[in-house]
2 protein chains.
Amino acid sequence: MARPEGFMKRYFDYNLALTKEKLRKSAGKDTFISQCVSNIEDIDKAANLLSKRLREWYELYNPELSRATPDHAVFASLITAGTDEKPADSMGSPVSPEDRVAMVNLAKRIADLYTLRKEHEAYLDETMEAFCPNIHALAGTLVGAKLIAQAGTLKRLAELTSSTVQLLGAEKALFRHLTTGARSPKHGIILQHPLLQRAKAADRGKVARALADKISLAARLDFFKGQFMGDTLREELEKRFRQS
Amino acid sequence: MARPEGFMKRYFDYNLALTKEKLRKSAGKDTFISQCVSNIEDIDKAANLLSKRLREWYELYNPELSRATPDHAVFASLITAGTDEKPADSMGSPVSPEDRVAMVNLAKRIADLYTLRKEHEAYLDETMEAFCPNIHALAGTLVGAKLIAQAGTLKRLAELTSSTVQLLGAEKALFRHLTTGARSPKHGIILQHPLLQRAKAADRGKVARALADKISLAARLDFFKGQFMGDTLREELEKRFRQS
């Protein structure tokens, strides 16, 4: 399209500037929170993929250490630090210095990815504490961020009914329920919350409902810049479901 | 099982030692080559996954740079180096210093993964030059290593007929051909060889057959520690198919 001239040009330029301005304002903190929590999930995927490869490779040389160290992050950092001792009667093959360097380089990058994950979790933690203190205190960093990411924005999350909040992230199971008559899901993302993790299977529905109620309230408090009472909300729930 | 005693114990221990010795010898250079080339593929996957995330995130801040830099590795290193200039009339939102640090940290790890890929390719290059110089010279580092990985060992690769070498890595298409009568595949991994990449579509079958023939010969030369003639083999092919 040829650029217009004269009055039309000024009109066009003004419109363009307005649109750019709107776009600039469209990326709020909730967008960053969504990006960061999805990114943490991707880092996990990448670190897992490379860790499996490292183990398969390293087990040719020293299978005993790999079997004795189930945690991927610990395993990678042992090799990076050079404290990966090989038993005298190991079943592994000897390797050349170059083979070893190649493995250590891989381990180093994996250890770095786990460091990155921690850095991003700390960033997410700070950002949420400032942006949505109630959700942060009640739901925790990761669960809270995933809820915001799933809803899209804090505004959307605040507008959802608490029964929708309860099922956020369980859309697949919900549609299976609606179309095939399978059992309805009791919880989505909030299942990862410590309160639900601790609850007995029979109580999960009840706990999930109560937790979703409070999260829904917390989201409204955060969106409308209400008072801070996330701690109180959490304590109430903890007290109520202590025995379960 | 309780450990046996006396003579049986000596017999048991000797057997155990023998088995360990065999295991130790079972990991030859070809195993390392297979591991390394699979690892390079995994690094690509991981770097791609994280690069897509970085772009989605970074585009909130400076979409223009992301659009102007299609190469993932270059994009990550620009941000890492801090030379990612933002146009004055950018459509991106301003970000807080913490948001920026989080993105730069991610970019740094991605740039590191691309460095790791280069290190591993150099290691693979050296290892193959020493272990299978003919395959290395004729097929190239990555194609050669993938063929060894697909065959399992250099021994297995040397034992395969050249028509099998031609189709290594195209097993899926081959079985589709056998079961449904679809067109038979003309090439597997060797399609990635520069000679085939340059060839016209109509000539690909012919070039693939000739290349597989020579690779099969090169594998036998390498396995039986024959003379080095990988360069000559490659030159012959280059000359023969120059016009195609």
Side-chain angles (χ1 to χ4, degrees), chain A residues 16-17 19-29 31-32 34-36 38-39 41-43 45-50 52-54 56-61 63 89-96 98-99 101-103 105-106 108-110 112-113 115-117 119-120 122-124 126-127 130, chain B residues 16-17 19-29 31-32 34-36 38-39 41-43 45-50 52-54 56-61 63 89-96 98-99 101-103 105-106 108-110 112-113 115-117 119-120 122-124 126-127 130:
Chain A
L16 192 67
T19 308
K20 284 194 178 183
E21 182 61 29
K22 263 198 190 158
L23 272 175
R24 245 172 253 141
K25 281 193 181 147
S26 69
K29 275 286 176 194
T31 323
F32 284 93
S34 304
Q35 287 293 337
C36 191
S38 312
N39 181 38
E41 288 172 16
D42 283 350
I43 294 175
K45 264 188 233 160
N48 260 327
L49 181 71
L50 296 178
K52 278 185 212 151
R53 174 63 49 199
L54 175 64
E56 213 178 291
W57 199 355
Y58 187 85
E59 282 176 9
L60 300 171
Y61 161 67
D89 66 339
S90 167
M91 281 188 245
S93 310
V95 293
S96 72
E98 300 82 49
D99 295 336
V101 168
M103 287 184 215
N105 282 343
L106 176 57
K108 209 178 285 176
R109 297 316 176 198
I110 294 174
D112 285 348
L113 283 180
T115 310
L116 178 63
R117 191 195 194 285
E119 289 166 357
H120 276 183
Y123 158 76
L124 192 58
E126 278 171 36
T127 309
Chain B
L16 191 68
T19 309
K20 285 195 177 181
E21 181 61 29
K22 264 199 192 158
L23 272 174
R24 244 171 253 140
K25 283 193 181 148
S26 70
K29 276 286 175 193
T31 324
F32 283 92
S34 305
Q35 286 293 337
C36 190
S38 312
N39 181 39
E41 288 172 15
D42 283 350
I43 294 175
K45 266 187 234 161
N48 260 328
L49 181 71
L50 296 178
K52 278 185 214 152
R53 173 64 49 199
L54 175 64
E56 213 177 290
W57 200 354
Y58 187 85
E59 282 175 10
L60 300 171
Y61 160 67
D89 66 338
S90 168
M91 281 188 243
S93 309
V95 293
S96 73
E98 301 82 47
D99 295 336
V101 167
M103 288 183 214
N105 282 343
L106 176 58
K108 210 177 285 177
R109 297 316 176 198
I110 294 173
D112 284 348
L113 283 180
T115 310
L116 178 64
R117 191 195 193 286
E119 289 165 356
H120 277 183
Y123 157 76
L124 192 58
E126 278 171 35
T127 309

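Each chain gets a letter, A, B and so on, in the order its sequence line appears, and its residues count up from 1. The analysis underlying the following values was restricted to heavy atoms, covering all of them including side chains, and did not include hydrogens, waters or symmetry mates.
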**Prompt:** Going by atom types alone, do D99(A) and Y123(B) pair a side-chain donor with an acceptor below 3.5 Å?
**Reply:** yes
**Message:** For the CG atom of L16(A) and the CG atom of D89(B), what is their distance to the nearest 0.5 Å?
**Reply:** 8.0 Å
**Asked** Any side-chain heavy atom of R109(B) sitting closer than 4.5 Å to one from E119(A)?
**Response** yes
**Asked** So which part of L54(A) gets closer than 4.5 Å to some heavy atom of chain B, the side chain, the backbone, both or neither?
**Response** neither
**Request:** To the nearest 0.5 angstrom, please state how far the OG atom of S93(B) sits from the NZ atom of K29(A).
**Result:** 10.5 Å
**Item:** chain B contacts, top residue of T127(A), L113(A), L106(A) (heavy-atom pairs, under 4.5 Å)
**Value:** L106(A)
**Request:** Against chain B, label S90(A) side chain, backbone, both or neither, depending on which of its atoms sit under 4.5 Å from a heavy atom there.
**Result:** backbone
**Item:** Heavy-atom side-chain proximity of T115(A) to N105(B) below 4.5 angstrom
**Value:** no
**Message:** Which one wins on heavy-atom pair count under 4.5 Å against chain A: A47(B), S96(B), S38(B)?
**Reply:** S38(B)
**Message:** Looking at K108(B) and D112(A), is any side-chain nitrogen of the basic one under 4.0 Å from a carboxylate oxygen of the acidic one?
**Reply:** no
**Request:** Nearest 0.5 Å please: distance from the CD atom of E126(B) over to the CD atom of E98(A).
**Result:** 6.5 Å
**Prompt:** In Å and rounded to the nearest 0.5 Å, what is the CH2 to SG distance from W57(B) to C36(A)?
**Reply:** 4.0 Å
**Prompt:** In Å and rounded to the nearest 0.5 Å, what is the CG to CZ distance from D42(A) to R53(B)?
**Reply:** 4.5 Å
**Request:** Tell me, for L124(A) versus chain B, whether the close heavy atoms (under 4.5 Å) come from the side chain, the backbone, both or neither.
**Result:** neither
**Prompt:** Out of V101(A), T19(A), I43(A), L50(A), which one racks up the most heavy-atom pairs below 4.5 Å with chain B?
**Reply:** L50(A)
**Item:** chain B contact via L49(A) - which portion, at a heavy-atom distance below 4.5 Å
**Value:** both
**Complete:** Here the gap from M103(B) atom CE to H120(A) atom NE2, rounded to the nearest 0.5 Å, amounts to 9.5 Å
